[in-house]
A.B. asks: 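Could you have a look at this structure, given as structure tokens, before my questions?
On a predicted model such as this, the values are computed, not experimentally measured, just so you know.
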Amino acid sequence: MTETNETVDLWSEIITEPIRTPLTILKEQATFLEKKTNGILTGEIRSDIKGGSFTHYFYVKAPSLSYSYLLFAVDHLFALFPANISKFDDSESYISSIPDIKDEERFLNELKGILQSPRTEKVVRALLAQSTGV
């Protein structure tokens, strides 16, 4: 019996194509908010990761006021989808949830509904008005 010291790659093919995670999508939307408001407002994402559970809180931030408004949170497990979106009121109390979002397409549609909602428009307008009056 002969021994061999040959190194053998036992891994399968690892696919390295980019995947848009919920966090990536939230960061993109934060950038769009900053561009649309000429930097007066920004989007801020704060993440909490515990074990295999990820929660990303999306804030509309008014830097000149030193104020951040919690708009919604997204939580998902390590596998990215399904994801859940939780919406909050002005006092950062839970309002409602959109559960079991199974893929990126539905996630984008649900996110669009939140970002274009009358409530979000009201928040953005109020923060813009107060920020430009400082």
A.B. asks: For the CZ atom of Phe58 and the CG atom of Leu115, what is their distance to the nearest 0.5 Å?
C.D. replies: 6.0 Å
A.B. asks: Once rounded to the nearest 0.5 Å, what's the spacing between atom CZ of Phe81 and atom CD of Glu105?
C.D. replies: 11.0 Å
A.B. asks: Does Phe54 share a hydrophobic cluster with Tyr57, counting links as ILVMFWY side-chain heavy atoms below 4.5 Å and allowing steps through other members?
C.D. replies: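 No, no single cluster joins them.
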A.B. asks: Are any non-hydrogen side-chain atoms of Ile45 and Lys27 less than 4.5 angstrom apart?
C.D. replies: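 Side chain of Ile45 against side chain of Lys27, heavy atoms only: contact under 4.5 Å found.
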A.B. asks: Mind checking whether Leu26 and Phe32 sit in one hydrophobic cluster, side chains of I, L, V, M, F, W, Y counted as touching below 4.5 Å?
C.D. replies: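 Not linked; separate clusters.
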A.B. asks: Do side-chain atoms of Ser93 reach the backbone of Asp89 as a donor and acceptor pair under 3.5 angstrom?
C.D. replies: no
A.B. asks: Would a hydrophobic clustering, with Ile, Leu, Val, Met, Phe, Trp and Tyr connected at side-chain separations under 4.5 Å, put Val60 with Leu65?
C.D. replies: yes
A.B. asks: Could you state the interatomic distance from CZ (Arg20) to CG (Leu23), rounded to the nearest 0.5 Å?
C.D. replies: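 The CZ atom of Arg20 sits 12.0 Å away from the CG atom of Leu23.
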A.B. asks: Of all heavy-atom pairs between Trp11 and Asp9, which one has the smallest distance, and what is that distance?
C.D. replies: N-OD1, 2.9 Å
A.B. asks: Determine whether Val123 and Ile95 fall in the same hydrophobic cluster, where Ile, Leu, Val, Met, Phe, Trp and Tyr are linked whenever their side-chain heavy atoms lie under 4.5 Å apart.
C.D. replies: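 Unlinked, Val123 and Ile95 end up in two clusters.
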A.B. asks: Go through the steps to decide whether Tyr59 and Thr42 satisfy the test side chain to side chain contact (heavy atoms under 4.5 Å, CB included), and finish with yes or no.
C.D. replies: CA-CA 8 Å; Tyr59 291 83; Thr42 61; over 6 Å; no
A.B. asks: In terms of hydrophobic clusters joined by side-chain contacts under 4.5 Å, are Ile19 and Val74 together?
C.D. replies: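 Yes, same cluster.
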A.B. asks: Any donor and acceptor pair, going by atom type alone, linking the side chain of Thr120 with main-chain N or O of Ile114 inside 3.5 Å?
C.D. replies: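 Judged by distance alone, yes, a pair lies under 3.5 Å.
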A.B. asks: Using a 4.5 Å cut-off on heavy atoms from C-beta on, say whether the side chain of Leu41 contacts that of Lys61.
C.D. replies: no
A.B. asks: Strictly below 4.0 Å, N to O, side chains only: are Arg119 and Glu121 in salt-bridge contact?
C.D. replies: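 Looking at Glu121 together with Arg119, the answer is no, because their closest N to O distance does not fall below 4.0 Å.
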A.B. asks: Side chains of Phe88 and Leu71: does their closest heavy-atom pair fall under 4.5 Å?
C.D. replies: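 A side-chain contact is absent here, since even the closest heavy-atom pair is not under 4.5 Å.
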A.B. asks: Do Ile98 and Arg106 have side-chain heavy atoms sitting under 4.5 Å apart?
C.D. replies: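 Yes, at least one pair of side-chain atoms sits under 4.5 Å.
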A.B. asks: Hey, what do you get for OG1 (Thr132) to CG (Asn38), rounding to the nearest 0.5 Å?
C.D. replies: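 Output value for this atom pair is 11.5 Å.
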A.B. asks: Looking at OG of Ser96 and CZ of Phe72, how far apart are the two atoms once the value is rounded to the nearest 0.5 Å?
C.D. replies: 12.5 Å
A.B. asks: Quick one: list whatever passes side-chain contact (heavy atoms from CB on, under 4.5 Å) with Pro99, sequence neighbours left out.
C.D. replies: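 If we apply the side-chain contact (heavy atoms from CB on, under 4.5 Å) test to Pro99, skipping adjacent residues, the hits are Asn84, Ser97.
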A.B. asks: Would you say that more than 12 heavy atoms from the other residues, nucleotides or ligands in this model lie under 6.0 Å from the CD1 of Ile49, or not?
C.D. replies: yes
A.B. asks: Does the Ser53 side chain pair with the main chain of Lys50, one donor and one acceptor, at a distance under 3.5 Å?
C.D. replies: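 Flag not set: sc Ser53 to bb Lys50 has no pair under 3.5 Å.
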A.B. asks: Quick one: pull up OG1 in Thr55 and NE2 in His76 and give me the separation to the nearest 0.5 Å.
C.D. replies: 8.0 Å
